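Below: one structure, written as structure tokens.
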Amino acid sequence: MAPNVTLGHYKVLGTPSVHTGTDIVAAAFKMAYEDKADIISASFGTYKGWSDEPWGQLIQKLAEAGLPSFIATGNDGSLGLFLASNGIDNSAGIGIGSFNNLYSPLLLTGASYSTRNTTKEFGWQLAGTSDFKNGTYSLYPSSLNASVVGDSCEPWTAGHPDVSDKIVLIRYGGCKGSQQQANAVKAGAKNILFYNNAPGTYELPVQDPGLVGLGMVSSQTGANWVKLVASGANVTLHMTSEKNSKTFFTNEKNPQSGGQVSDFSQWGPSNELLPVTAASGVGGFMLSTWPVLEGSYAIDTGTSMATPYVAGCIALLMEARGKGKVTPAEIKSLLSTTSTPNVFHDGVTASPFLASVAQQGGGLIDAYKLVHTTTKFNVSTIAFNDTEHIAPAYIRINNTASESRVYTVSHVGAATVYALSDNSSIPQVNKLGKFVDRTTEGASLKFSSSSVRVAAGGSAVLKVTATPPKGLIARRIPVYSGFITFNGTTTNDSFSVPYLGVATAMRNVTILDTTQGSNSLIDSSTQQAVPANHQFVVPGENDSIDRANTSYPIFQTQLSMGTDLLLVGVKPANSHAILPVHAPQTALPRSVDGVTGPSPTSWTGGLANGSYVPAGNYSLVVRALRVFGNRTNPSDYQTVRSVNFGITYAPPAAN
């Protein structure tokens, strides 16, 4: 993207014995600043979503010192809204989302196929160690419908030929790949090639032990073979084992999702309702350099690819305008307001309305407009907040050109998306082809003027007042968004300012949900729920936590939404006091199994001050600060109290 730049590399990942914490990341950013870096690009992060977390505060200070930081928003778009990466959960961090490449470049293992007196090359991707033996195989598609969903998800019916010496072709998806493999193996298959139900290929995570060869070809390759066989042609594959074959490169068009928002791109907003994605770069199906020992080149996908792409564009901006001539805040605004919004896309189908700002930010970067525009805005995105904190916004438009500019002001709404499903306090997940529930009911915007004239070298201010959409289900947290448009006389003189808000009061949102068995007490020895007045014999103060014939209570904390302060304490049965079990936990994201969230609290009688309570009856009390809550106001906490239980300490072990 930016020829002749000087690259600096600061390693913070890759050592299994060293946990990468905020201290290591902060040290790397500080070192980059001291080395006089002009741009920081970081393709890593963890989930926080609160502006007072340390990494975000450091990025804020670096921005004030003139150093912009570009952070990948993350690739867990399937996990739904309100899962914001740290570093961009503040106003200074520049979060980058991903759009898909128009093409799907593929570096694959080479082979060939023959049909109707012609032979052509194709590529396939090996699954684990299930390599094909060198030889010629007849191709047998398990279905002649190249759009089938659930191919081989059910046991095969009788009447199929012997497939033990053939390669079975199966369309991926509709059920677990292991189930598709198992059904084909039961029918006699020894070798399987899947063809993908999405662009590109990937290494299958599971290999059935009954298989010899297993791999994947692209959706276009598989569909072409199915079409040939359906027309009566025989297709013969000439396979060479992966270790003996040459590399095959192809650059297929991506008709399914090319040019669209990547389905994996992370959704915001932050817990404080800041849009975390400023804009998006190209990150889906990117041909990139790679470690030499691993082939020098590879195709990778993710916001980790989009972020350096955008950082390279910003290097071009600095080259054109001069280093130090554009502040990080101006860069973020230029990036967001010159990008091109795109329509909502669920990975399979495009909709006739725009994608949420919570996903795409300002849209796909327009590098030419970014570098050459002479119009600047004082904001990158407008956060209209929730219904209790909504306020008018003021946009200052600056014209650095030698001629005056006139802009017609309007707005285009994007999809309003429900964070929660209809009967749950936990955010909805996104599945390929089936994204979160949404509606086209958006906010109403009122402008102080329908057009703005900005004199050469001058500025003008526009007041924007928003009214959240009506008639929506507030409990489900409707996230509305859209784009305030400024249209001049040409396409290159048109801009859009993204906005976002929620049509509910966030202080009413459930954080500690107890309806699905979470936020409850279990026994360490049985991992089962504890009935009231259950008695524990806990390890002694100097014992190992796994001492034989002991058990202890575990409180399984689950946050359906993030909290900026979590307090865990124990309440004696005969007292109103709540004694802290450990130090307060701050800036916590919502819980996602295996991904993020607070750890369970295992309690063996100890307190935060290092002392131990006497044997007796207690309950554990967990308090989570509500979004926008006041830490000093007890009513601003959601509280869950466990059942009463008793503890006695195991006697000292005999010497």
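Quick caveat: nothing in here was measured; it's all calculated off a predicted structure. Positions are given from 1, in the same order as the sequence printed here.
No option in Thr277, Asp76, Asn75 other than Asn75 meets the side-chain hydrogen bond (donor to acceptor under 3.5 Å, both in side chains) test with Thr303. Checking Ile96, Thr307, Ile94 one by one against Ser41, the side chain to side chain contact (heavy atoms under 4.5 Å, CB included) holds for a single residue, Thr307.
Taking the six-membered ring where the residue is Trp, Tyr618 and Phe645 present tilted rings, their angle falling between 30° and 60°. Between Tyr480 and Tyr499, the angle of the ring planes lies from 30° to 60°, which puts this pair in the tilted group. The aromatic rings of Phe447 and His411 sit perpendicular to each other, their planes meeting at more than 60°, with 30° as the lower class boundary.
Across every non-hydrogen atom of Ser424 and Ile426, the tightest pair is OG-N, 3.0 Å. Taking all atoms of both residues into account, the shortest heavy-atom contact from Glu53 to Ala587 is CB-CB, 4.0 Å. Nearest heavy-atom pair across Ala84 and Pro269 is CB-O, 4.1 Å. Here the closest non-hydrogen pair linking Gln180 and Cys153 is CG-SG, 4.0 Å. For the residue pair Gly482 and Val357, the shortest heavy atom distance occurs at O-CG2, 3.6 Å. Of all heavy-atom pairs spanning Pro275 and Thr381, the tightest one is CG-CG2, 3.3 Å.
Atoms CD and CG, from Gln57 and Asp89 in turn, are 9.5 Å apart once rounded to the nearest 0.5 Å. A distance of 7.5 Å separates OG in Ser152 from CZ in Phe194, rounded to the nearest 0.5 Å. Taking OG from Ser520 and CG from Leu620, the interatomic distance works out to 11.5 Å, rounded to the nearest 0.5 Å. Atom-to-atom distance recorded for Leu432:CG and Thr349:OG1 is 9.0 Å, nearest 0.5 angstrom. In this structure, CD1 on Ile365 lies 5.0 Å from CG on Leu335, to the nearest 0.5 angstrom. For the atom pair Asn342 CG and Phe99 CZ, the distance stands at 5.0 Å (nearest 0.5 Å).
In this structure, the side chains of Asn271 and Lys48 stay at 4.5 Å or more apart for every pair of heavy atoms. Counting only heavy atoms from C-beta outward, the side chains of Pro600 and Phe555 never approach each other to under 4.5 Å.
Within 6.0 Å of atom CD in Glu154, 12 or fewer heavy atoms from other residues, nucleotides or ligands are found, so the atom counts as exposed in its surroundings. Remark: Phe353 CZ is packed, more than 12 non-hydrogen atoms of other residues, nucleotides or ligands lying under 6.0 Å away.
Formation of a donor-acceptor pair under 3.5 Å by the Gln638 side chain with backbone atoms of Val509 is found in this model. Between the side chain of Arg476 and the main chain of Leu420, a donor-acceptor pair closer than 3.5 Å is present. With Trp50 contributing its side chain and Leu588 its backbone, the two residues share a donor-acceptor pair below 3.5 Å. A side-chain donor-acceptor contact under 3.5 Å links Asp636 to the backbone of Asn630. With Ser333 contributing its side chain and Val379 its backbone, the two residues share a donor-acceptor pair below 3.5 Å. Judged purely by atom type and a 3.5 angstrom limit, Thr338 uses its side chain to pair as donor or acceptor with the backbone of Leu334. Here the side chain of Asn101 pairs a donor or acceptor atom with the backbone of Phe285 at under 3.5 angstrom. The closest donor-acceptor contact from the side chain of Gln266 to the backbone of Leu83 lies under 3.5 Å. No donor-acceptor pair under 3.5 Å is formed between the side chain of Thr510 and the backbone N or O of Leu512. Of the possible polar contacts, none joining the Ser339 side chain to the Gly362 backbone as a donor-acceptor pair under 3.5 Å is found.
Ser288 and Asp300 share no side-chain donor-acceptor pair at under 3.5 Å. Using modelled atom types, one finds a donor on one side chain and an acceptor on the other under 3.5 Å when comparing Thr201 with Gln125. Counting only N and O atoms by type, the side chains of Ser262 and Ser98 include a donor and acceptor under 3.5 Å apart.
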With side chain to side chain contact (heavy atoms under 4.5 Å, CB included) as the test, would you mind laying out the steps for Tyr202 and Thr301 before giving the verdict?
-> CA-CA 11 Å; Tyr202 63 92; Thr301 284; over 6 Å; no
Test side chain to side chain contact (heavy atoms under 4.5 Å, CB included) applied to Asn196 and Met216, step by step | CA-CA 7 Å; Asn196 208 355; Met216 178 178 280; 3.9 Å; yes
Take Asp523 and Gln528 through the test side chain to side chain contact (heavy atoms under 4.5 Å, CB included) and record every step on the way to the result.
-> CA-CA 6 Å; Asp523 187 316; Gln528 299 298 313; 5.7 Å; no
Steps toward side chain to side chain contact (heavy atoms under 4.5 Å, CB included) verdict (Thr465, Leu445) | CA-CA 6 Å; Thr465 305; Leu445 266 58; over 6 Å; no
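Salt bridge annotation for Arg631-Asp564: present, with a cationic side-chain nitrogen under 4.0 angstrom from a carboxylate oxygen.
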